[in-house]
Amino acid sequence: MTRTPTLPAPGDAPLTFAPEVSEARAEGRPVVALESTILTHGMPWPDNLACAKAVEEDVRAGGAVPATIAVEGGRIRVGLPPEDLERLARAEGVAKLSRADLAACLVTGGLGATTVAATMIAARLAGIAVFATGGIGGVHRGAADSFDISADLAELAQTPVTVVSAGAKAILDLPKTFELLESLGVPVIAVGQEAIPAFWSRDAGLRAPLRMDDPATIAAAHRMRGRLGLPGGQLVLNPLPSEAEIPRAEMEAHVVAAQAAAEAAGVRGKAVTPFLLSHIRAATQGRAQVANVALVRANARLAAAIAAALAAGPA
Ligand code: PSU
Ligand code: MN
């Protein structure tokens with residue numbers, strides 16, 4: 001009887017590792033995956049490069065090796081040397097890759113940035129258990145009509161990577177997003193507080209189903225899910241630092257205005273999230289951007305601590 005393979009044979013996936021990432025893997029040292037859509041579609045040049053560099057430094061300061069993921073020349077790149085990171089940050093018209101587009105971009109040899117969903121797939125293939133991002137995608141406002149629900153949610157339900165975020169982006173319908181995560185059986189874990197954070201703000205007005213304040217506990221829960229044979233990852237919610245927070249009431253007005261502008265302009269599909277983020281960045285005179293950088297950096301530091309706890313093995 002043949003079994004359908006759920007994991008590709010070693011060496012079969014088109015992965016190209018940066019030297020420092022392959023060394024860390026070979027020695028069992030902690031590695032943190034980082035996405036690239038936040039660079040190409042989430043922030044403007046040159047803030048995007050400054051953010052990417054700072055985030056990589058935060059991972060290193062936490063004792064782990066950063067592996068920024070992107071697709072180029074028919075390969076999934078796992079770790080980008082500085083010149084490649086800069087080229088990606090400057091590039092125009094880069095494809096935004098989710099689960100549906102990853103294979104197509106690889107076979108056509110195009111340049112692609114990975115979303116949360118595609119980065120999770122790549123991280124799993126590369127043997128990287130922990131991934132830091134800003135905010136995940138989720139259920140869009142008006143989804144009852146548009147059916148716009150990010151593929152990030154389904155990915156969390158099936159790919160065993162622990163994703164460190166500041167919540168789902170507050171442009172979304174947060175109650176519906178967290179309801180759907182519950183239906184999908186994704187552990188949603190708040191760190192340091194009971195409340196679910198709302199990306200630019202620390203409190204979405206919703207209570208998190210789980211709370212773990214210690215990176216070692218989050219690492220142990222990741223390991224335990226593997227022992228139980230459960231597919232899917234964990235979503236860690238790390239509220240951004242207080243000094244960078246923009247109050248939820250203030251952000252809500254910007255989100256409503258951005259949403260109306262997107263509808264008036266007929267924006268659809270993959271373009272929705274980048275449109276809303278860019279509208280809000282302008283409406284807040286860049287304060288949303290400052291908060292976005294602060295939250296990704298905080299997530300990188302926490303992810304490094306979780307990866308270090310995983311690498312250290314069971315207590
Ligand atoms: N976090 C940010 N900015 C971003 C994103 C995350 O701070 O731009 C990206 C991630 O790559 C996420 C994507 O997967 O937005 C969600 O896009 P969509 O809603 O189209 O699935
Ligand atoms: Mn969408």
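For clarity, every value in this text was computed on a predicted model and none was experimentally measured. Along the sequence shown, residues are numbered consecutively beginning with 1. Whatever order the structure lists ligands and atoms in, that order sets their numbers, starting from 1. Reckoned from all heavy atoms, side chains included, excluding hydrogens, waters and symmetry mates.
- Salt bridge annotation for Arg60-Glu56: present, with a cationic side-chain nitrogen under 4.0 angstrom from a carboxylate oxygen.
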| said: If you apply the rule side-chain contact (heavy atoms from CB on, under 4.5 Å), what do you find for Ile306 with Val32, and how did you get there? | reply: CA-CA 9 Å; Ile306 298 167; Val32 170; over 6 Å; no
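- In this comparison of His41, Lys169, Lys270, Gln289, the heavy atom closest to atom 15 (O) of ligand 1 sits on Lys169.
- When each atom of ligand 1 is checked for a heavy atom of Lys96 under 4.0 Å away, the hits are 17 (O), 18 (P), 20 (O).
- With respect to Val191, the side chain to side chain contact (heavy atoms under 4.5 Å, CB included) criterion is satisfied by exactly one of Leu210, Val164, Ile218: Ile218.
- In terms of polar-atom proximity, defined here as any N/O pair under 3.5 Å, Gly135 does make such a contact with ligand 1.
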| field | Residues Thr159, Arg99; criterion side-chain contact (heavy atoms from CB on, under 4.5 Å); working and verdict | value | CA-CA 11 Å; Thr159 300; Arg99 165 172 281 259; 4.0 Å; yes
| task | List the steps, then state whether side-chain contact (heavy atoms from CB on, under 4.5 Å) holds for Arg141 with Val256. | result | CA-CA 10 Å; Arg141 299 178 187 208; Val256 169; 4.2 Å; yes
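- Of the candidates Leu277, Asn299, Asp152, the one placing a heavy atom closest to atom 14 (O) of ligand 1 is Asp152.
- Numbered from 1 in the order shown, with element, the atoms of ligand 1 that lie under 4.0 Å from a heavy atom of Ser150 read 18 (P), 21 (O).
- When non-hydrogen atoms are compared, ligand 1 lies under 4.0 Å from neither the backbone nor the side chain of Met43.
- Using a 4.0 Å cut-off between heavy atoms, Thr273 contacts ligand 1 through its side chain alone, with no backbone atom that close.
- Atoms of ligand 1 lying under 4.0 Å from any heavy atom of Asn292, numbered from 1 in the order shown and given with element: 7 (O).
- When only interatomic distances are considered, the shortest N/O to N/O separation between Val116 and ligand 1 falls below 3.5 Å.
- If you look at the Mn ion (ligand 2), the protein N, O or S atoms less than 2.8 Å from it are Asp148 OD1.
- Looking at His140 against ligand 1, only its side chain comes within 4.0 Å, counting heavy atoms.
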| query | Under the side-chain contact (heavy atoms from CB on, under 4.5 Å) criterion, do Leu310 and Arg223 qualify, and how do the steps go? | reply | CA-CA 8 Å; Leu310 266 177; Arg223 227 182 269 117; 4.1 Å; yes
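- Of the heavy atoms in Thr115, both backbone and side-chain atoms come closer than 4.0 Å to ligand 1.
- Atoms of ligand 1 lying under 4.0 Å from any heavy atom of Gly42, numbered from 1 in the order shown and given with element: 8 (O).
- Taking every heavy atom of Gly134 and a limit of under 4.0 angstrom, the matching atoms of ligand 1 come to 1 (N), 7 (O).
- Of all the heavy atoms of Thr119, none lies under 4.0 Å from any atom of ligand 1, so neither backbone nor side chain is involved.
- Considering only heavy atoms from C-beta on, Ile189 stays 4.5 Å or farther from Thr217 through its side chain.
- Residue Leu156 is grouped with residue Leu206 when hydrophobic side chains (ILVMFWY) are merged at heavy-atom distances under 4.5 angstrom, including chains of intermediate members.
- Rounded to the nearest 0.5 Å, atoms CD (Gln289) and OG1 (Thr284) are 9.0 Å apart.
- Side-chain contact between Asn48 and Trp45 is present, with at least one heavy-atom pair separated by less than 4.5 Å.
- Ranking protein heavy atoms by distance to atom 3 (N) of ligand 1, first place goes to Ile38 CG1, 3.6 Å.
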